[in-house]
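What follows is a single structure, written as structure tokens, with notes after it.
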Amino acid sequence: MEMGANQYQYKWRGGFCLEVNALPNTIVIFGASGDLTGRKLLPALYGLSKRQLLHHRSKIIGCARTPMTDEKFRNYLFEKWFSSLPASESGEIQAFLERVYYQPGDYGDPLFYKTLAARLNELETDLNPEHSGRVYYLAVPPVLCTPVIRQMSTAGLLQENQDASPWRRVILEKPFGHDYESALELDRMLHQYLQERQIYRIDHYLGKETVQNIMIFRFANVIFEPVWNAKYIDSVQITAAESVGVEHRGGYFDHTGLLRDMFQNHILEMLSLVAMEKPENSDAESIRNEKLKLLKSIRPIQINDVVRGQYEDYRNEPGVQHDSDTETYAAMKIYIDNTRWNGVPFYLRSGKKLAEKRSSISIRFKPVSHSVFYPVREEDLAPNVLTLNVQPEEGLSLTIQAKHPGPKLCIGSLNMDFKYASILEPGESIPDSYERLLLDCMLGDQTLFIRSDTILEAWKLLMPILQSWKEKSENPLYPYPQGSWGPKEANLLPAEQKTIWLN
Ligand code: BG6
């Protein structure tokens, strides 16, 4: 059934699909020779192009310092990022790269923006200004964001007509400030040149399949929402574990730390989706309002409920200070002061150089109120645990109690495991989160992007911890062996609830 110019609802394997195709637009990438562009942005745009979700008249223009022609840039991209793809895709890759252009220049030079503006006008002659626009992706170091936006504004590159056509949208990568004050300052700067509806603050976790599915799971099924509260839930755990260390980002990370790098954004975003109230509907503002409300109802975090750690040998990583007290692991217990979550602890943790790469959300339910299987007591029956696996194997699992087949009555845990990969057609793959997020920006859908007030609220929540660490608080920095699950002191957090971290 057609619902609008570009919006379709159609049947999909017994369900339905809402598909909106982006109108033609131009994607301008600042930082075109960087890692993010090569590893994530171009593959994501290529993925969209293969799925026919990038309009055939859309173009991509990369900007960086090195002087290069379009042709040379395409060859460079092919050699560095696309040559490892299967030979059967070479035609598609070539066709995609032909839509990629290059504009060299110095981000500090006003002439660069004038030349870019002229180049864009030239490339966009076949676009209808009323139904097109530009995505500007700032894949540049944070210090360059302000000067680039200011210069773009001066050169008229951010200018929209009164009816917001042709649209101009800016995608920004984190960090969104280093603390509350600098985040506020960044925000003020952004709002000097842009309206909030033009700002797309990316958190790639929000584009992950399982994270997107949290809302569908909670609000499109009748069986979960009635038990999604303090009456039935004992505790919730959110983990974002990585097996890698700081790699080549030692300099950046040492100045940032795990709390800013993972909690301020990814962990708190996942928490908001899991714990927020039901939004009025699925539009961006309703959902973002609920997420904000949730963050506001988190009880101030007690420093004694936070454990921080540093992996052994971190101080010998390139770019890291020899006496660094930057945390590479953090775990905490938080409470949400509202009726739904009254008294339910949320255990959050994230770290580098841990035993494995795994991100998941586990909901641990309370035991049955009365066991009828005498002499088995309620506490002998393992609780139900629902786990949403964010990565690496996107899916969900539910642990239930069941009878073991056989003549005796043996009750034990049974794991019902579902992996998204199992429902893919042959040749289909789960798209990278950047694919979804870039498409949403082209469509003007801000649902999966972080709103200004949410960023500030997240900082407000973490500032007392950061402040206390800065003042060399009583909160020790525990060393932990690489390849472990972090400092053993973190085990005390869930132990209070007679539980353990669910690894
Ligand atoms: C980034 C952090 O936001 O997320 C990195 O800056 C981290 O330090 C990365 O490695 C983890 O993302 P993912 O998708 O690999 O879990």
Side-chain angles (χ1 to χ4, degrees), residues 31 34-41 43-44 47 137-143 145 171-178 183 200-214 238-273 308-311 314 317-320 324 326-330 348-361 388-395 420 429-438 448-450 454-455 458-459 462 466 482-483 486:
D35 242 39
L36 177 68
T37 305
R39 274 188 311 110
K40 294 289 181 186
L41 307 183
Y137 204 117
L138 296 195
V140 292
V143 288
C145 286
I171 306 187
L172 295 165
E173 281 281 336
K174 74 180 185 49
F176 307 114
H178 187 70
Y200 287 69
R201 297 177 195 80
I202 214 162
D203 180 328
H204 75 283
Y205 262 65
L206 292 181
K208 290 187 192 277
E209 201 67 29
T210 310
V211 178
Q212 289 181 52
N213 213 7
I214 296 174
I238 300 184
T239 297
E242 288 186 90
S243 52
V244 293
V246 291
E247 312 283 277
H248 57 280
R249 297 161 73 226
Y252 157 78
F253 189 87
D254 205 35
H255 175 64
T256 307
L258 202 281
L259 204 66
R260 290 185 171 93
D261 193 42
M262 297 295 288
F263 274 71
Q264 198 279 337
N265 33 74
H266 312 322
I267 297 262
L268 289 180
E269 283 293 319
M270 286 195 278
L271 169 72
S272 312
L273 287 169
R308 60 173 168 155
Q310 188 185 74
Y311 62 79
Y314 167 74
E317 296 274 21
V320 170
S324 168
T326 298
E327 77 291 356
T328 60
Y329 174 96
L348 318 175
R349 67 175 169 163
S350 177
K352 298 211 176 266
K353 285 275 186 198
L354 296 183
E356 60 183 75
K357 178 165 179 72
R358 194 166 61 74
S359 299
S360 59
I361 301 164
L388 310 174
N389 291 310
V390 176
Q391 60 188 19
E393 287 190 301
E394 295 93 336
Y420 287 112
S429 60
I430 294 182
D432 185 80
S433 50
Y434 278 89
E435 249 181 72
R436 169 67 196 259
L437 295 171
L438 277 162
L448 300 178
F449 294 84
I450 320 180
T454 312
I455 299 269
W459 276 119
L462 300 180
L466 292 167
Q482 298 190 14

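In each ligand, atom 1 is the first atom listed, and ligand 1 is the first ligand listed.
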> Under 6.0 Å from the six-membered ring centre of Phe176 and within 45° of its axis: does the NZ or CZ of Lys174 meet both?
Replying inline: no
> Any side-chain heavy atom of Arg260 within less than 4.5 Å of one from Leu466?
Replying inline: yes
>> Parallel, tilted or perpendicular: which one describes the rings of Tyr200 and Phe449, with boundaries at 30° and 60°?
In response: perpendicular
> Do we see a donor-acceptor contact under 3.5 Å between the side chains of Ser360 and Asn389?
Replying inline: no
> Nearest to atom 1 (C) of ligand 1, what protein heavy atom do you find, and at what distance?
Replying inline: His266 NE2, 3.6 Å
> Which of the numbered atoms in ligand 1 are below 4.0 angstrom from a heavy atom of Lys174?
Replying inline: 1 (C), 2 (C), 3 (O), 6 (O)
>> I want to confirm something. Looking only at heavy atoms, which of Gln391, Glu247, Lys208, Lys40 is nearest to atom 14 (O) of ligand 1?
In response: Lys208
> So which heavy atom on Asp203 is nearest to which on Ile450, and how close?
Replying inline: CB-CD1, 3.6 Å
> Atoms of ligand 1 less than 4.0 Å from Lys352 heavy atoms?
Replying inline: 5 (C), 7 (C), 8 (O), 10 (O)
> Is the shortest N/O to N/O distance between Asp261 and ligand 1 below 3.5 Å?
Replying inline: yes
>> Using 30° and 60° as the class boundaries, would you call the ring planes of His266 and Tyr205 parallel, tilted or perpendicular?
In response: parallel
> Tell me: protein heavy atom nearest atom 11 (C) of ligand 1, and distance?
Replying inline: Glu242 OE1, 3.7 Å
> What protein heavy atom sits nearest atom 15 (O) of ligand 1, and how far away is it?
Replying inline: Lys357 NZ, 2.7 Å
> Do ligand 1 and Tyr252 have nitrogen or oxygen atoms that lie under 3.5 Å from each other?
Replying inline: no
>> Heavy atoms only, cut-off 4.0 Å: how does Phe253 contact ligand 1, side chain, backbone, both, or neither?
In response: neither
> Nearest to atom 12 (O) of ligand 1, what protein heavy atom do you find, and at what distance?
Replying inline: His204 NE2, 3.1 Å
> Step by step, would you call Arg358 with Glu356 a salt bridge (charged side-chain N to carboxylate O under 4.0 Å, His left out)?
Replying inline: CA-CA 6 Å; Arg358 194 166 61 74; Glu356 60 183 75; 3.4 Å; yes
